[in-house]
**Q** 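Can you read through this structure? Questions will come right after.
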Amino acid sequence: MAPPIALWQLIAGGLISSLALPAQAQSSPDLARTLARQVAAEGSLAWTTHRLSWKHFHGRPRLGTSTAAQTSSGVTYVVECHGERFRYAVLATFSPAESWVRPDIPPHRTASPRTLKHEQTHFDITELFARRLRRAFSSVRDICPSHPRDARKLFDRLSRESQSMQEQYDQETAHGTALDAQARWSRAVAASLDSLGGFRQE
């Protein structure tokens with residue numbers, strides 16, 4: 001699992017009068033659409049409820065390793081300050097070019113669905129991080145106009161927590177081969193996503 005990627009953009013001022021606006025944070029559909037177009041132009045996929053399939057794994061496999069597959073996913077975000085108004089968009093993304101599967105896995109009747117489910121949960125954990133970041137951004141106060149880089153501090157803190165969770169997931173599930181642990185993790189991550197359903201990016 002590759003470490004999350006941050007896209008940083010700060011637009012200060014603009015034509016909006018800052019004195020008339022209350023200090024607040026707001027998810028921006030316009031920013032989200034712009035970010036989604038950029039992600040797509042780079043060849044990455046944004047997280048959706050549609051599941052991954054092996055056709056999404058285009059990277060060159062690491063042969064001579066016991067690793068069956070690898071998911072490269074991360075979180076990209078953009079923020080804006082318009083006076084005191086803080087606007088943001090956050091996406092969990094999957095890189096087909098950097099994600100790979102060993103050629104013997106997809107045709108294997110047992111290993112294929114088991115491995116794919118493990119990789120999907122990696123991506124779901126990335127989406128969980130994205131939702132936690134949206135929740136954190138939604139509650140910030142006084143970032144704009146003077147402290148916009150506090151957004152990066154939030155990202156960095158949650159990124160460390162996400163990376164730790166990804167590593168724990170691999171350890172406890174033995175990279176998806178410990179079936180009971182895999183089932184527990186898949187259920188727990190799904191439940192956590194549901195609990196943060198209000199922070200899903202539409």
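Along the sequence shown, the residues carry numbers beginning at 1.
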**Q** What do you reckon, is CG of Asp180 surrounded by more than 12 foreign heavy atoms closer than 6.0 Å?
**A** no
**Q** Verify, without hydrogens or angle tests, whether Arg131 (side chain) and Leu193 (backbone) share a donor-acceptor contact under 3.5 angstrom.
**A** yes
**Q** Could you work out, with side-chain contact (heavy atoms from CB on, under 4.5 Å) as the rule, every residue matching Ala111, not counting sequence neighbours?
**A**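 Result, side-chain contact (heavy atoms from CB on, under 4.5 Å) vs Ala111: Ile105, His108, Arg114, Thr115.
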**Q** Within the side chain of Ser138, is there an N or O that forms a donor-acceptor pair under 3.5 Å with the backbone of Arg135?
**A** yes
**Q** Restricting to salt bridge (charged side-chain N to carboxylate O under 4.0 Å, His left out), what partner residues turn up for Lys117, sequence neighbours left out?
**A**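 Lys117 satisfies salt bridge (charged side-chain N to carboxylate O under 4.0 Å, His left out) with no residue once adjacent residues are dropped.
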**Q** Suppose we screen for salt bridge (charged side-chain N to carboxylate O under 4.0 Å, His left out). Which residues come up paired with Glu161, at least two apart in sequence or across chains?
**A** Arg157
**Q** State which residues pass salt bridge (charged side-chain N to carboxylate O under 4.0 Å, His left out) with Arg187; sequence neighbours excluded, sorted by chain then number.
**A**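 Residues passing salt bridge (charged side-chain N to carboxylate O under 4.0 Å, His left out) with Arg187: none at all.
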**Q** Return the set of residues passing salt bridge (charged side-chain N to carboxylate O under 4.0 Å, His left out) with Asp30 (not counting sequence neighbours), or none when no residue passes.
**A**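 Here the qualifying residues are Arg33.
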**Q** Any sub-3.5 Å donor-acceptor pair from Arg102's side-chain atoms to Ala69's backbone N or O?
**A** no
**Q** I need the full list of ring pair (Phe, Tyr, Trp, His ring centres under 6.0 Å) pairs touching residues 168-202, with sequence neighbours left out, sorted by first then second residue.
**A** His118-Tyr169, His122-Tyr169, Tyr169-Trp185
**Q** So, for Tyr88 and Phe155, is the gap between ring centers shorter than 6.0 Å?
**A** no
**Q** Is the NZ or CZ atom of Arg200 both under 6.0 Å from the centre of the six-membered ring of Trp47 and within 45° of that ring's axis?
**A**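 Pair Arg200/Trp47 does not count as cation-pi.
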